[in-house]
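To keep things clear, I will list the structure first and then write my remarks on it.
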Amino acid sequence: MLFEPRSGRLAAWGNALLAGLVSPDEAALSIVGEDAVHRVAGLPGEAGPVGLTLALGRLRALGVSGLRVALPAPGHPLGLSGPPEFNARALEAEEAVVCAGAALGLVPEVTEAGPAGDVHVSVLWQCLPVREAPPADVPSLGEAERELAEALREATVVLTRLDVAASGPVADAALSAYRARAEAGREVLAPGYPPRAVRVLALAQRVDLMVSLAYENGHGGAVAASEMAARAEALRPVERVARRALVAAYNAAVERH
């Protein structure tokens, strides 16, 4: 249930590769994760889709020095800089990677096939031109950490009052699984990221998990339409803050240089 966008994995491990901290094969394996295969289409100099290892090498040859994440939502072009065509495709996918050092961006197209329990997931990253400009609405790590703490406090008060806080057996099991995964030493980010980025990402993922549980646990005591609206109103800014923090964490390897 942890929110780990594919764009985050691509940016984090791509940055580690660009910094010479991991091998091409290690980066590609970590980016693919539990998916079956990732390929990249539209790369300058390539006639058709290519594998991740070749694609990352090609991007470096094209002058790419770092990779940033964008997690846009309707009315919130978080991490995007244009042009409209790229922004539209990124918004449809709800994520994208924007290259530093070259006017290129990558948007994932995800295809699933197979029966439940044995789903084959393939990802085709479309490489498109982007506008070289500062990304929209990306906070610093310090800002993101402060926003997360404040938003979480405010939302907890409202959700507890409405009796829809993330609680109960399902929530407890999910949070226990989260803690177990963290204690097992899960690599939250790729090598080369500052400790604060790891901390912000872990907190943002936990906040996102709590928001998801609050939505999935039904209406709780919030049976009146006005109370349900209040719950949605309480969760909306928390979701926005969590997305901003995720982007700040994934982009930290680029922004600090």
Side-chain angles (χ1 to χ4, degrees), residues 1-12 15 66-81 87 90-91 93-98 100 133-162 164-167 171 174-175 178-179 181-182 186-190 192-217 229-257:
M1 296 180 67
L2 292 181
F3 183 48
E4 189 177 32
R6 290 179 174 89
S7 56
R9 294 205 306 267
L10 176 58
N15 284 330
L67 301 171
R68 295 186 177 96
V69 169
L71 297 176
H76 188 205
L78 176 61
L80 297 177
S81 58
N87 286 7
L91 181 58
E94 299 183 338
E95 61 177 315
V97 171
V98 179
D137 199 36
V138 177
S140 68
L141 281 173
E143 291 170 335
E145 199 166 28
R146 289 191 296 272
E147 288 178 1
L148 273 174
E150 182 179 350
L152 187 56
R153 282 195 301 268
E154 293 176 357
T156 299
V157 170
V158 175
L159 293 174
T160 301
R161 176 170 57 81
L162 295 175
V164 292
S167 60
L175 289 171
Y178 175 92
R179 284 191 290 269
R181 193 177 178 190
R186 178 179 69 92
E187 199 155 17
V188 178
L189 276 171
Y193 277 82
R196 191 173 203 174
V198 176
R199 186 170 68 245
V200 168
L201 180 63
L203 180 57
Q205 288 179 325
R206 189 173 190 276
V207 169
D208 183 79
L209 173 61
M210 293 179 69
V211 169
S212 298
L213 291 170
Y215 274 129
E216 292 169 7
N217 280 356
R231 180 203 26 202
E233 190 68 22
L235 292 175
R236 195 172 299 116
V238 182
E239 290 176 298
R240 184 184 181 104
V241 165
R243 283 191 300 109
R244 278 167 51 85
L246 285 165
V247 170
Y250 282 122
N251 293 3
V254 177
E255 301 305 338
R256 65 177 180 157
H257 293 307

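Considering all non-hydrogen atoms of both residues, Pro77 and Pro72 come closest at CA-CB, 4.1 Å. In plain terms, the two heavy atoms of Pro139 and Ala248 that are nearest each other are O-CB, 3.4 Å. Residues Ala249 and Leu189 come closest through the heavy atom pair O-CD1, 4.2 Å. The minimum heavy-atom distance between Ser7 and Ala70, with the atom names listed, is OG-O, 4.4 Å. Summarising the geometry of Val200 relative to Ala245, their closest heavy-atom pair is CG1-O, 3.7 Å, with the distance given to 0.1 Å.
Partners of Val98 by side chain to side chain contact (heavy atoms under 4.5 Å, CB included), not counting sequence neighbours, listed by chain and number: Phe86, Val130. With sequence neighbours left out, Leu78 forms a side chain to side chain contact (heavy atoms under 4.5 Å, CB included) with Leu71, His76, Asp137, Val138, Arg243, Arg244, Val247. For Arg9, the side chain to side chain donor-acceptor pair (under 3.5 Å) partners at least two apart in sequence or on another chain are Asp35. Here Val241 pairs with Glu147, Leu148, Ala151 under the side chain to side chain contact (heavy atoms under 4.5 Å, CB included) rule; sequence neighbours left out. By the side chain to side chain donor-acceptor pair (under 3.5 Å) test, Arg68 is found to be paired with Glu255, residues two or more places apart in sequence or in another chain being considered. Partners of Ala133 under the side chain to side chain contact (heavy atoms under 4.5 Å, CB included) rule, at least two apart in sequence or in another chain, are Ser81, Arg131. Every residue two or more places apart in sequence or in another chain that forms a salt bridge (Lys or Arg N to Asp or Glu O under 4.0 Å) with Arg199 is listed here: Glu145.
Counting only N and O atoms by type, the side chains of Tyr250 and Asn15 include no donor and acceptor under 3.5 Å apart.
Looking at Glu94, its side chain never comes within 3.5 Å of a backbone N or O of Leu91 through a donor-acceptor pair. A donor-acceptor pair is defined here as one N or O able to donate and one able to accept, closer than 3.5 Å; no such pair exists between the side chain of Glu95 and the backbone of Val69.
With rounding to the nearest 0.5 angstrom, the CG atom of Leu201 is 6.0 Å from the CG atom of Leu246. Considering CG of Asn251 and OG of Ser140, their distance stands at 12.0 Å, rounded to 0.5 Å.
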